[in-house]
Amino acid sequence: MTALITLSHGSRHPGAEAGVRRLTRAAGELLDVAAVAAHLDFTEPSLPDAARALAECGHRAAVVVPLLFTHAFHARHDVPAALVEARHASGLDLHLADGLGTGDLVAEVLTARLALDAPDGAHVVLYPVGTSDAAAAAGVEKLAANVGERSGHSIQVVPATGGRGSGGAGVLEAATGHDAVHLLPLFVTDGLLLDQVTGQLGRMQAATGTRLTSSPPLTTDLARVVARRHSAVTPALT
C-alpha cells in the first residue's frame, strides 16, 4: 500500500519530535503501511529527506498528511512548497491529504480526552497555538462549540498567542469565577508554548482558588484521524 508521511510544523521543544514519531508509527500500524515523520522547520527530517528515505527503500508513492488543525498560512504556503521540493528531490509520487482539521473527527478525539481527564463540571479552556487568520480562528471556535455539545462541559477558546486575552493571562482570566478549570491543549505534541502555560497552573490555582487541571498533547489520540486522511486519498491512486 501507499506509504504515509506525516508533516508537522516542527518545534524547538526537546520532546516534540518523539511525540510526532509515536503518532506516525501508530497511524502506520492502523493502516499497515510504511510510515515516516517529516517536519517543516526546526526538526529533522525535512519532507524532502523523508521522501528520499522512502524512495531508497523502494517505495514509489506516499500520501503526505499535514499535522495542522487549521488551513492557515503554513497549510496554504509552506506545505505546498515543501511538497514540490520533495517531489523533485526524491522522484517519489507524493499526494497531499487534508490536514487534521477542526471537524467532527477531531471533536471526537477531544471529547474522549475530556472524558478521561476533566473533572466533572469543570469549565474547559481549549488551548490552540493561535492564528491571525480569521477563518481559521472561526474554525477553532466552531470546534470548541462542537466539543462542548458532545461533552456537556462549558468551553471557551484561549489561544497561546495573539495578544490580550491569550496565553497564561487568558487562562488566568478564564479561571476567575469557576470552581474548576481544565486546560485542553489543541496541540499535536509537546511544545514550548504549551509548557509556558502548564508551568503556571500551580501559581494560578494558588492565586484564584480555582482547581486547575490539564490534559497532555494529543499525540497518538490522533492516529485514527491521520489514518482516515490517508485512506481518503489512496482510493484515487489505485
Side-chain angles (χ1 to χ4, degrees), residues 2-31 33-57 59 61-102 106 109 127-133 136 140 159-161 185-196 216-230 233:
T2 307
L4 164 69
I5 303 177
T6 60
L7 181 60
S8 83
H9 177 273
S11 172
R12 293 187 177 92
H13 191 290
E17 188 272 338
V20 173
R21 197 162 9 98
R22 290 195 302 272
L23 168 58
T24 305
R25 182 170 59 248
E29 289 172 354
L30 285 175
L31 293 161
V33 300
V36 296
H39 313 275
L40 288 170
D41 204 358
F42 303 123
T43 314
E44 295 181 348
S46 65
L47 183 57
D49 287 343
R52 273 194 293 261
L54 283 174
E56 289 169 2
C57 291
H59 293 277
V63 173
V64 178
V65 179
L67 300 181
L68 302 173
F69 292 105
T70 61
H71 194 69
F73 183 85
H74 295 302
R76 294 198 305 268
H77 299 279
D78 294 342
V79 170
L83 200 71
V84 170
E85 183 181 354
R87 284 176 178 140
H88 287 309
S90 67
L92 211 61
D93 189 13
L94 295 176
H95 301 268
L96 182 62
D98 290 338
L100 299 170
T102 52
V106 172
V109 168
Y127 198 72
V129 171
T131 177
S132 59
D133 185 290
V140 175
T161 60
L186 192 63
F187 277 63
V188 171
T189 187
D190 292 303
L192 297 177
L193 289 172
L194 184 56
D195 280 2
Q196 287 173 11
L218 295 170
T219 57
T220 54
D221 290 359
L222 294 164
R224 187 171 66 90
V225 182
V226 173
R228 287 281 291 273
R229 297 292 182 252
H230 178 281
V233 174

For residues E44 and H39, determine if any side-chain heavy atom of one lies less than 4.5 Å from a side-chain heavy atom of the other. no
Quick one: closest heavy-atom pair of L92 and A51, and the distance? CD2-O, 3.7 Å
Does some side-chain heavy atom of L193 sit less than 4.5 Å from a side-chain heavy atom of F187? yes
Check T189 against G19 and note the closest heavy-atom contact, atom names and distance. OG1-CA, 3.3 Å
A side-chain contact here means heavy atoms from C-beta on lying under 4.5 Å apart; do L222 and F69 qualify? yes
Are any non-hydrogen side-chain atoms of R12 and L192 less than 4.5 angstrom apart? yes
Using the test ring-ring contact (aromatic ring centres under 6.0 Å, His included), find all partners of H77 that sit at least two apart in sequence or belong to another chain. F73
Hey, does the side chain of T220 reach the backbone of A223 with a donor-acceptor pair shorter than 3.5 angstrom? no
Interatomic spacing from CG in L47 to OG1 in T6 - rounded to 0.5 Å: 10.0 Å
Residue pair T70 / D133, side-chain heavy-atom distance below 4.5 Å: no
Rounded to the nearest 0.5 Å, how far apart are OG1 of T161 and CD of Q196? 10.0 Å
Are the side chains of L94 and I5 in contact, using a 4.5 Å heavy-atom criterion? yes
Which heavy atom of V106 sits nearest to which heavy atom of G101, and what is that distance? CG2-O, 3.4 Å
Smallest heavy-atom separation, G130 atom then P159 atom, equals CA-CB, 3.7 Å
What's the spacing between L7 CG and L68 CG if we round to 0.5 Å? 7.0 Å
Find out whether V226 and L31 are in side-chain contact, i.e. whether some heavy atom of one side chain is under 4.5 Å from a heavy atom of the other. no
More than 12 heavy atoms of other groups within 6.0 Å of R228 CZ: no
Output for pair (T43 OG1, R21 CZ), nearest 0.5 Å, gives 11.0 Å
Hey, could you give me the CZ/NE2 distance between R87 and H95, rounded to the nearest 0.5 Å? 7.5 Å
Given V225 and V65, is the side chain to side chain contact (heavy atoms under 4.5 Å, CB included) satisfied, shown in steps? CA-CA 10 Å; V225 182; V65 179; over 6 Å; no
Any idea which heavy atoms bring D190 and P217 closest together, and the distance? OD1-CG, 3.6 Å
Donor-acceptor check, side chain of R25 to backbone of A35, threshold 3.5 angstrom: yes or no? no
Taking all atoms of both residues into account, what is the closest heavy-atom pair of S90 and A55, and its distance? O-CB, 3.8 Å
For residues H9 and F42, determine if any side-chain heavy atom of one lies less than 4.5 Å from a side-chain heavy atom of the other. yes
Separation between OG1 (T2) and CG (L54), nearest 0.5 Å, reads 11.0 Å
